[in-house]
Protein chains: 2
Amino acid sequence: MDPKKADIPEEPKSTRDRLIDAAMRLFVENGFEATGVSAILQSAGVRSGSLYYFFKSKEELLIAVLERYVDLLRPVILEPAEAATDDAVERVFALLTRYRSFLEETGCRHGCPIGNLALEISDHHDTARSLVLKNFDNWCAGVEKWLQDAGDRLPRDLDRGELARFVLTVMEGAQMQAKAEKRIEAYDKSVAQLRSYFSCLEQIARTETKS
Amino acid sequence: MDPKKADIPEEPKSTRDRLIDAAMRLFVENGFEATGVSAILQSAGVRSGSLYYFFKSKEELLIAVLERYVDLLRPVILEPAEAATDDAVERVFALLTRYRSFLEETGCRHGCPIGNLALEISDHHDTARSLVLKNFDNWCAGVEKWLQDAGDRLPRDLDRGELARFVLTVMEGAQMQAKAEKRIEAYDKSVAQLRSYFSCLEQIARTETKS
DNA sequence: GTCTATAAGAGGATAGAC
DNA sequence: GTCTATCCTCTTATAGAC
């Protein structure tokens, strides 16, 4: 427990935060379109007057949700992976293990909330789409940093940014299948293949260093 | 042109087929929830009475769409890749090039229709979900066959089925990002990394064969 | 098999009192 | 900032004539 926080009594969440919390949960469970405003209101214990006092539309609430994800990325996703290990490469797999936990805890119903929204909204909600990109970009920047820290454990001419993108690609593709199958198996197998790729890259880097 | 087909005059499509065609197009463009029955009717030039004569609900129409995808997989996806090259490994990348075309032709709005639906419907439409799985499974079975044909070009102890799954993972994750970004770049970079992985595997297989 | 008309309800959003 | 009541549109789906 963070002592700095323990001193401050838990303030009851604001109405606005409760709405964002409820929307975040329902959007990832049911998707944006399939989630009714009334369900959000009920889940947050709020009346419609209040929702439309804070947000001018359901889409604005979605935007607030995606901004919240941007804020949560570092403390909830990246930092735990950095705390898990000092090994630069292992941080990548600690991250993937964390997403695995999200899947397991929910019977493979949730995986990556951003990915789930990305496909649904990218055509018709352009502001939301740009926030999806911001989440993806920040995620990749975090992973790229680790891959740069890996130094000569990876091949010299390997583009760290491209490999970071590839890690996102694998995570998203893998969670999609786990969600569709409601089983973790495809996720694990995909991560195993990614691990195998990393092993190959590290092997190549070792022969480079010798010469 | 297939002469066998050229002899048969193009029969006007049945109402049922027109409905499936229209739904297929609209579901991939806008998603399942965001597509109204009225839009399907208008696009197909059909009245609601006819739709509900053939399908008992919008969900049954979705199921028909997913069954159509099952039927189209071999002729539209797998066979063109097999026709493109006799090289077993290159067939995998011919397949990925074909999905790239789908993305390019639509300004990255469509990629894999199944993947787009998978995340949206997997929670609440269980029959549809099982058809998504059938599409994924058949796709992977096709790719796995090619990887088996590759024989000792791939490492002996490498699980061909697992690698085929990984190809699907990469394709889905890559098209998700291309769709979110409305740019093909992330797709190309992901496929480039997959190519790099295959190169590593082939290199390993070569050293195995020598010994 | 297809048409028109419409039911029945849920959807998002607003008004105005408090 | 929050409440109740409600508007209006759009949604899926049905009824019954042709």
Side-chain angles (χ1 to χ4, degrees), chain A residues 10-68 117 120-121 123-129 131, chain B residues 10-68 117 120-121 123-129 131:
Chain A
E10 276 292 317
E11 292 193 30
K13 288 207 172 185
S14 73
T15 300
R16 188 173 185 279
D17 279 344
R18 291 216 313 283
L19 284 164
I20 294 177
D21 286 351
M24 195 159 19
R25 186 158 24 80
L26 290 167
F27 288 166
V28 70
E29 276 172 17
N30 308 321
F32 175 72
E33 294 287 347
T35 299
V37 169
S38 61
I40 298 168
L41 294 172
Q42 187 171 8
S43 171
V46 165
R47 304 293 175 276
S48 79
S50 297
L51 190 158
Y52 288 100
Y53 172 78
F54 292 108
F55 307 99
K56 105 171 181 298
S57 68
K58 183 185 172 187
E59 185 174 4
E60 283 227 333
L61 179 54
L62 168 65
I63 287 164
V65 166
L66 286 166
E67 282 167 345
R68 167 79 58 92
L117 287 171
E120 188 177 1
I121 63 169
D123 277 337
H124 292 286
H125 305 274
D126 222 63
T127 309
R129 188 179 73 88
L131 282 164
Chain B
E10 278 291 316
E11 292 193 30
K13 288 205 171 185
S14 73
T15 300
R16 187 174 186 280
D17 279 344
R18 292 215 313 283
L19 284 165
I20 294 177
D21 287 350
M24 194 159 20
R25 187 158 23 80
L26 290 166
F27 288 166
V28 70
E29 276 172 15
N30 309 322
F32 175 71
E33 294 287 347
T35 299
V37 170
S38 61
I40 298 168
L41 295 172
Q42 187 172 7
S43 171
V46 165
R47 305 289 174 276
S48 80
S50 296
L51 190 157
Y52 287 99
Y53 172 80
F54 291 108
F55 307 98
K56 104 170 181 298
S57 67
K58 182 185 172 186
E59 183 173 7
E60 283 229 332
L61 179 53
L62 169 65
I63 287 163
V65 165
L66 286 165
E67 281 168 346
R68 168 79 58 92
L117 286 171
E120 187 177 2
I121 62 167
D123 279 335
H124 292 285
H125 304 274
D126 222 63
T127 310
R129 188 180 73 89
L131 282 163

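All values derive from a computational prediction rather than experimental measurement. Per chain, numbering begins at 1; letters A, B, ... match sequence-line order.
- Here the P atom of nucleotide dG1(D) and the CZ atom of Phe55(A) are 12 Å apart, to the nearest Å.
- In this model, the phosphate group of dT11(D) is approached by a side-chain N or O of Ser38(B) to a distance below 4.0 Å at OP1 or OP2.
- For Ser48(B) and dT14(D), a side-chain-to-base donor-acceptor distance below 3.5 Å is present, hydrogens and geometry of angles not being considered.
- To the nearest angstrom, C1' of dT12(D) lies 15 Å from CG of Leu62(B).
- Between Leu51(B) atom CG and dA13(D) atom C1' the separation is 10 Å, expressed in whole Å.
- Leu62(A) places none of its side-chain heavy atoms less than 4.5 Å from the side chain of Lys58(A).
- With hydrogens and angles disregarded, a donor-acceptor distance shorter than 3.5 Å links the side chain of Glu120(A) to the backbone of Glu33(A).
- Atoms CG (Leu61(A)) and P (dA13(C)) sit 10 Å apart, rounded to a whole Å.
- Rounded to an integer number of Å, the gap from Gln42(B) CD to dC10(D) C1' is 14 Å.
- Within 4.0 Å of Gly49(B), counting heavy atoms only, lies at least one base atom of the nucleic acid.
- A salt bridge links Asp126(A) with Arg129(A): the distance from a Lys NZ or Arg NE/NH1/NH2 to an Asp or Glu carboxylate oxygen falls below 4.0 Å.
- Computed from coordinates, the Glu60(A) CD to dT14(C) P distance equals 11 Å when rounded to whole Å.
- Residues of residues 15-22 of chain B that place a heavy atom closer than 4.0 Å to DNA chain C, in numerical order, are Thr15(B).
- The closest side-chain heavy-atom distance from Thr35(A) to Leu61(A) is not below 4.5 Å.
- In this structure the side chain of Val37(B) reaches within 4.5 angstrom of the side chain of Tyr52(B), judged on heavy atoms.
- In this structure the side chain of Arg68(A) reaches within 4.5 angstrom of the side chain of Asp21(A), judged on heavy atoms.
- Counting any heavy atom pair closer than 4.0 Å across all strands shown, Ser57(B) reaches sugar-phosphate atoms only and no base atom.
- Within the 4.5 Å cutoff, side-chain heavy atoms of Arg16(B) are placed close to those of Phe55(B).
- Across the protein-nucleic acid pair, Lys58(A) atom NZ and dC10(D) atom C1' stand 13 Å apart, rounded to whole Å.
- Using a 4.0 Å heavy-atom distance criterion, Thr35(A) is classed as a sugar-phosphate-only contact.
- Rounded to whole angstrom, the span from the CG atom of Asn30(B) across to the P atom of dT11(D) amounts to 12 Å.
- When the nucleotides dT4(C), dT2(D), dA13(C) are ranked by their closest atom to the side chain of Ser50(A), dT2(D) comes out on top.
- Nearest nucleotide to the Tyr53(A) side chain, out of dG1(D), dG1(C), dG12(C): dG1(D).
- Here Tyr52(A) reaches the OP1 or OP2 of dA13(C): one of its side-chain N or O atoms lies under 4.0 Å away.
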